[in-house]
Novice: 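Could you have a look at this structure, given as structure tokens, before my questions?
We count ligands from 1, going down the list as the structure has it; atoms in each ligand are counted the same way.
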Amino acid sequence: MTATMLKGKTAVITGSTSGIGLGIAHAMAEAGANIVLNGLGTAAENAQVVDEVARHGTKVAFGEANMMKPDEIAAMMAKMEADFGGVDILVNNAGIQHVAPIEDFPAAKWDAIIAINLSSSFHTIQAAVPGMKKRNWGRIINICSAHSLRASTHKAAYVAAKHGLAGLTKVVALELAKEGVTCNAVSPGFVWTPLVEAQLPDIAKAEGISIEEAKKKVLVRQPSGEFATVDQIGALAAFLASEPAAAITGANYSIDGGWTAQ
Ligand code: NAD
């Protein structure tokens, strides 16, 4: 990826104040894209992340929207389309997790996970597509998961949302196949981020094991025995946004150390 590969393009990345989204923001900014960050931090935290990503030398803004709220998503997308003269790259990355057996799974957590991990992508895509079609160029990248292809116990909402997002990816790819707009999924296995770190105490408690043992247990699914890194996810997303990836659409790229090869 060269520093000019995404030059002149603007990327909106949801949930990019932390973890994978922030890794993608760095990779795309390094490749020359202007970046719109989004997430749920305080004003001071958000300003700090904007400064951090702006060091790559491209224009960086913060797009305020809670991904649970369709009206806020629409307003953010419209503002960024106007401020940047178009959203060329859309990365749907915001996501949360909750782990519980199906009979104890709180309905409010189900609703929140479906809203943030699935429905928000419908809303951002719906807002971005008219401009992309008009310009005959666009890249939509949905951050799914190995859980878009495989199930695990205690993750009913997450697995349902990620399978749904993988399906949405294919429909959007087909509908836009002749419009210069691609839509692909990236499906990480376990990546070392705050989202994964936060699950370890629950796993440790449920299994009666230490946090260190929980970490090893998580990686049992991943034949490489290693967490993927946010830089690796960022590099793949930046490639999918680039010109050489123009013929790739409707794909779901696993980046999971071999998990879904099993
Ligand atoms: P993270 O917790 O580090 O970051 C999540 C980001 O989403 C943050 O910026 C947070 O502010 C934002 N966010 C959460 N709720 C939001 C809301 N309502 N509105 C706007 N922003 C919101 O998580 P991560 O591990 O980097 O995960 C990012 C994505 O990657 C998620 O979709 C997750 O499902 C997926 N994923 C993660 C892993 C992993 O191992 N970390 C594996 C597979 C898939």
Side-chain angles (χ1 to χ4, degrees), residues 12-27 35-43 45-46 48-50 52-53 62-77 91-99 108-109 111-121 123-124 141-152 155 157-166 168-169 185-200 203 214-215 218-219 221-222 224 226-234 236-237 252-257 259-260:
V12 170
I13 307 163
T14 70
S16 45
T17 54
S18 156
I20 291 171
L22 183 55
I24 293 170
H26 277 297
I35 303 291
V36 177
L37 297 166
N38 159 266
L40 288 185
T42 63
E45 286 164 351
N46 297 342
Q48 195 185 330
V49 188
V50 167
E52 185 189 318
V53 177
F62 192 84
E64 294 219 16
N66 183 331
M67 289 295 132
M68 282 187 76
K69 300 189 175 164
D71 54 336
E72 291 188 17
I73 295 172
M76 177 189 84
M77 293 298 292
V91 183
N92 290 307
N93 168 78
I96 60 167
Q97 174 64 283
H98 185 79
V99 181
K109 288 286 184 195
D111 289 343
I113 289 173
I114 297 298
I116 297 167
N117 296 19
L118 175 58
S119 302
S120 71
S121 300
H123 297 298
T124 54
I141 299 166
N142 296 325
I143 304 304
C144 285
S145 165
H147 283 114
S148 75
L149 299 159
R150 298 286 186 277
S152 294
K155 295 188 176 178
Y158 189 85
V159 170
K162 294 297 186 180
H163 274 65
L165 187 55
L168 176 65
T169 302
V186 169
S187 283
F190 283 102
V191 186
W192 189 245
T193 69
L195 182 141
V196 166
E197 205 174 349
Q199 287 176 58
L200 296 181
I203 296 169
K215 209 167 170 178
V218 161
L219 285 174
R221 311 285 293 273
Q222 207 142 295
S224 63
E226 304 281 349
F227 286 99
T229 68
V230 298
D231 292 346
Q232 291 164 350
I233 314 290
L236 176 57
N252 187 347
Y253 276 85
S254 291
I255 179 161
D256 62 6
W259 175 347
T260 52

Novice: Could you pull out every protein residue that has a heavy atom closer than 4.0 Å to ligand 1, ordered by chain and then number?
Specialist: Gly15, Ser16, Thr17, Ser18, Gly19, Ile20, Asn38, Gly39, Leu40, Ala65, Asn66, Met67, Asn93, Ala94, Gly95, Ile96, Ile116, Ile143, Cys144, Ser145, Tyr158, Lys162, Pro188, Gly189, Phe190, Val191, Thr193, Pro194, Leu195, Val196

Novice: Quick check: does any side chain N or O of Asn66 sit under 3.5 Å from a backbone N or O of Met68, one acting as donor and the other as acceptor?
Specialist: yes

Novice: State whether the side chain of Asp231 and the backbone N or O of Gly23 hold a donor-acceptor pair below 3.5 Å, judged by distance alone.
Specialist: no

Novice: In terms of heavy-atom contacts, does CD of Gln97 have more than 12 from other residues, nucleotides or ligands at under 6.0 Å?
Specialist: yes

Novice: Parallel, tilted or perpendicular: which one describes the rings of His147 and Trp259, with boundaries at 30° and 60°?
Specialist: perpendicular

Novice: How many angstroms lie between atom CZ of Phe190 and atom NZ of Lys215, to the nearest 0.5 angstrom?
Specialist: 13.0 Å

Novice: Are side-chain N/O atoms of Asn252 and Thr169 paired as donor and acceptor at under 3.5 Å?
Specialist: no

